[in-house]
Number of protein chains: 2
Amino acid sequence: MELPPIAQSFVLHFGEMGSRWGINRTVGQIYALLYVSPEPLCADHIVEALGISRSNVSMSLRELQGWNLVVLKHLPDDRRDFFTTPDDVWQILRTLAEERKKREIDPTMTVLREILMQHPASDAERYAQSRMGDMYGLIEQLTNWYDDVKQLDTDRLATLLALGAKVTRLLETKDRIVSFGRGRQPRKKDGDDE
Amino acid sequence: MELPPIAQSFVLHFGEMGSRWGINRTVGQIYALLYVSPEPLCADHIVEALGISRSNVSMSLRELQGWNLVVLKHLPDDRRDFFTTPDDVWQILRTLAEERKKREIDPTMTVLREILMQHPASDAERYAQSRMGDMYGLIEQLTNWYDDVKQLDTDRLATLLALGAKVTRLLETKDRIVSFGRGRQPRKKDGDDE
DNA sequence: TTGAATTTTCAGAAATTACTGAAACTTCGG
DNA sequence: CCGAAGTTTCAGTAATTTCTGAAAATTCAA
């Protein structure tokens with residue numbers, strides 16, 4: 001692997017992390033390499049930079065394309081395919097979230113829905129169903145939030161993040177304002193958080 | 001595998017999903033089984049239910065304990081270890097988030113910090129560093145939000161989720177209220193979201 | 001149409017990861 | 001201290017995943 005040392009440590013780290021969740025080492029390395037490269041790279045360039053076979057690069061790029069994590073570019077008078085990642089890290093985050101939801105959440109929700117439709121044949125099954133119902137409800141709340149928030153433009157999303165938990169304080173303020181004139185609500189004591 | 005059909009499909013699904021992110025099939029299955037079981041189970045019970053070897057169960061339970069996803073119980077006059085999952089799905093979510101952050105985010109941030117301290121020796125390195133800086137900044141914003149929000153009790157967290165994107169509308173309302181008397185801010189037109 | 005440049009496919013080899021059975025270890029009552 | 005009940009470890013094997021080289025397919029200029 002012939003790479004500037006700074007890029008190299010990044011690429012190697014991403015290879016390792018890659019294998020810590022679903023994606024394999026090579027895919028992680030290629031993604032990292034594209035991410036830190038100022039120009040789009042062609043497959044042979046990746047082969048040289050990472051010291052892996054041409055066919056492996058081809059398959060890994062195809063996988064990255066399947067995740068929409070990589071952009072295909074063409075240069076004039078050059079038949080080769082060149083690849084980059086999007087410039088905007090927020091856009092990358094959105095893609096990642098969307099694809100992971102599609103692969104990891106949606107299928108689970110489908111399975112849970114199917115099971116929850118069935119008639120339990122015993123107490124054990126009734127209990128199992130109620131547990132699955134809990135899980136279903138939780139994931140539903142999370143994905144509803146996600147579906148709502150993902151539509152925000154980046155500035156507003158950043159604002160929302162910056163606000164964090166303060167939102168609830170804001171909410172409680174609003175409650176006080178709204179309830180003004182209807183009698184004061186008992187104010188919760190501090191320290192009743194978990 | 002001798003299991004009520006409802007539990008069985010759940011367990012098998014979790015096995016498959018498990019291998020879609022880092023954790024292996026057996027670990028996923030054991031977790032799912034514990035999750036839907038009304039009572040704590042001992043290792044031999046798991047062996048029978050899933051048809052896997054005793055040693056595999058032992059290693060997989062150890063892995064789940066490493067993730068804090070499983071609770072060890074003891075019954076009076078019984079030397080065996082019994083295992084369950086916590087009852088509260090929100091608690092499970094918190095644990096999962098915490099552990100994944102520890103394993104997937106923190107090490108990456110450490111690597112990024114180290115690389116960003118170095119002096120770039122070329123334009124390519126300068127560019128690579130700026131990209132890593134972008135990534136660092138993004139993850140920092142996300143984890144700051146997470147650190148803030150994870151301290152909320154479950155009710156408030158649920159409220160915050162339910163509110164979703166409406167938070168920003170609330171914020172803009174607050175801006176108008178706060179700026180009252182300081183001259184009206186130009187109101188953004190609808191449809192300027194991405 | 002040919003053939004050079006490039007990409008893709010795929011069967012098998014290599015590497016990694018998961019699983020097992022047997023043995024070692026731990027704990028505890030008698 | 002012994003032995004019964006239970007758990008963990010680990011070396012070897014099985015299963016799975018990843019990677020490769022060779023061949024096939026595609027694309028395009030001449």
Side-chain angles (χ1 to χ4, degrees), chain A residues 1 11-34 39-67 70-84 103, chain B residues 1 11-12 14-34 39-67 69-84 103:
Chain A
M1 196 193 291
V11 164
L12 291 178
H13 175 77
F14 255 66
E16 307 235 329
M17 289 313 284
S19 51
R20 189 166 298 191
W21 44 282
I23 115 185
N24 77 43
R25 192 160 36 84
T26 307
V27 174
Q29 289 185 354
I30 292 180
Y31 183 78
L33 176 63
L34 295 177
E39 304 295 337
L41 305 181
C42 68
D44 284 315
H45 193 314
I46 298 171
V47 166
E48 279 185 43
L50 303 181
I52 57 185
S53 74
R54 186 53 237 269
S55 53
N56 194 359
V57 169
S58 175
M59 290 191 302
S60 300
L61 283 171
R62 160 170 292 252
E63 167 121 20
L64 284 170
Q65 285 176 286
W67 279 78
V70 122
V71 180
L72 176 59
K73 296 242 156 145
H74 280 112
L75 302 184
D77 298 326
D78 192 330
R79 277 164 57 191
R80 290 172 299 176
D81 294 339
F82 288 78
F83 298 87
T84 357
R103 288 168 171 73
Chain B
M1 197 192 291
V11 165
L12 292 177
F14 255 66
E16 308 235 327
M17 290 312 285
S19 50
R20 191 165 298 188
W21 43 284
I23 117 184
N24 77 43
R25 191 161 37 83
T26 307
V27 173
Q29 289 185 355
I30 293 180
Y31 184 79
L33 177 63
L34 295 177
E39 304 296 337
L41 305 181
C42 67
D44 284 316
H45 194 314
I46 297 172
V47 167
E48 279 186 42
L50 303 181
I52 57 186
S53 75
R54 186 53 238 271
S55 53
N56 195 0
V57 169
S58 175
M59 290 191 301
S60 301
L61 283 171
R62 161 167 291 252
E63 166 121 22
L64 285 169
Q65 284 175 286
W67 279 78
L69 281 170
V70 122
V71 180
L72 175 59
K73 297 241 156 148
H74 281 113
L75 302 185
D77 299 327
D78 193 329
R79 278 165 56 191
R80 290 172 299 174
D81 294 339
F82 288 78
F83 297 88
T84 357
R103 287 168 170 75

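For clarity, every value in this text was computed on a predicted model and none was experimentally measured.
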Q: Tell me whether the OP1 or OP2 atom of dC19(C) has a side-chain N or O from Ser55(B) closer than 4.0 Å.
A: no

Q | Shortest non-hydrogen contact between Ser60(A) and Ile30(A), atoms and distance | A | CB-CD1, 3.5 Å

Q) Separation of Ile46(A) atom CD1 from dT20(D) atom P, in whole Å? A) 14 Å

(Q) So if I take every side-chain heavy atom of Met59(A) and compare against dT20(D), dT7(C), dG6(D), which nucleotide ends up nearest? (A) dT20(D)

Q: For Arg25(B), look at atom CZ and say whether over 12 heavy atoms of other residues, nucleotides or ligands are found less than 6.0 Å away.
A: no

Q | 5' priority, DNA chain C, between Arg80(A) and Ser19(A) [closest heavy atom] | A | Arg80(A)

Q: Starting from C1' on dT7(D), measure out to CZ on Phe82(B) and report it in whole angstrom.
A: 14 Å

Q) Taking only side-chain nitrogens and oxygens of Thr26(B), does any of them come within less than 4.0 Å of OP1 or OP2 of dC19(C)? A) yes

Q | base_contact_polar (dT27(C) base, Arg79(B) side chain, donor-acceptor, <3.5 Å) | A | yes

Q. Expressed in angstrom and rounded to an integer, what is the separation of Arg62(A) atom CZ from dT26(D) atom P?
A. 12 Å

**Q.** Interatomic distance, His74(A) NE2 vs dT27(D) P [rounded to whole Å]
**A.** 11 Å

Q. Contact class for Arg54(A) (heavy atom, under 4.0 Å): base, sugar-phosphate, or nothing?
A. base

Q: Describe the nucleic acid contact of Asp81(B) in one word from base, sugar-phosphate, nothing, applying a heavy-atom distance below 4.0 Å.
A: sugar-phosphate

Q: Evaluate the side-chain proximity of Pro40(A) to Phe83(A): yes if any heavy-atom separation is below 4.5 Å, no if none is.
A: no

Q | Separation of dC10(C) P from Asn56(A) CG (nearest whole Å) | A | 16 Å

Q | 5'-most by nearest nucleotide on DNA chain C - Arg25(A) or Ala43(A) | A | Ala43(A)

Q.
Testing the basics here: between Ile52(A) and Val47(A), what is the closest heavy-atom pair and its distance to 0.1 Å?
A. O-CG1, 3.2 Å

Q.
Check this one for me: any side-chain N or O of Ser53(B) less than 4.0 Å away from OP1 or OP2 of dG21(C)?
A. no

Q) Between Asn24(B) and dC19(C), is there a side-chain N or O to OP1/OP2 distance below 4.0 Å? A) yes

Q. Nearest-Å distance, CG (Leu61(B)) to C1' (dG6(D))?
A. 14 Å

Q: Over all heavy atoms of both residues, which pair between Met17(A) and Arg103(B) is shortest? Give the atoms and the distance, please.
A: CE-O, 3.4 Å

(Q) Could you tell me how far apart His45(B) (NE2) and dT7(D) (P) are, to the nearest whole angstrom? (A) 14 Å

Q. What is the distance from CD of Glu63(B) to P of dT17(C), rounded to the nearest Å?
A. 13 Å

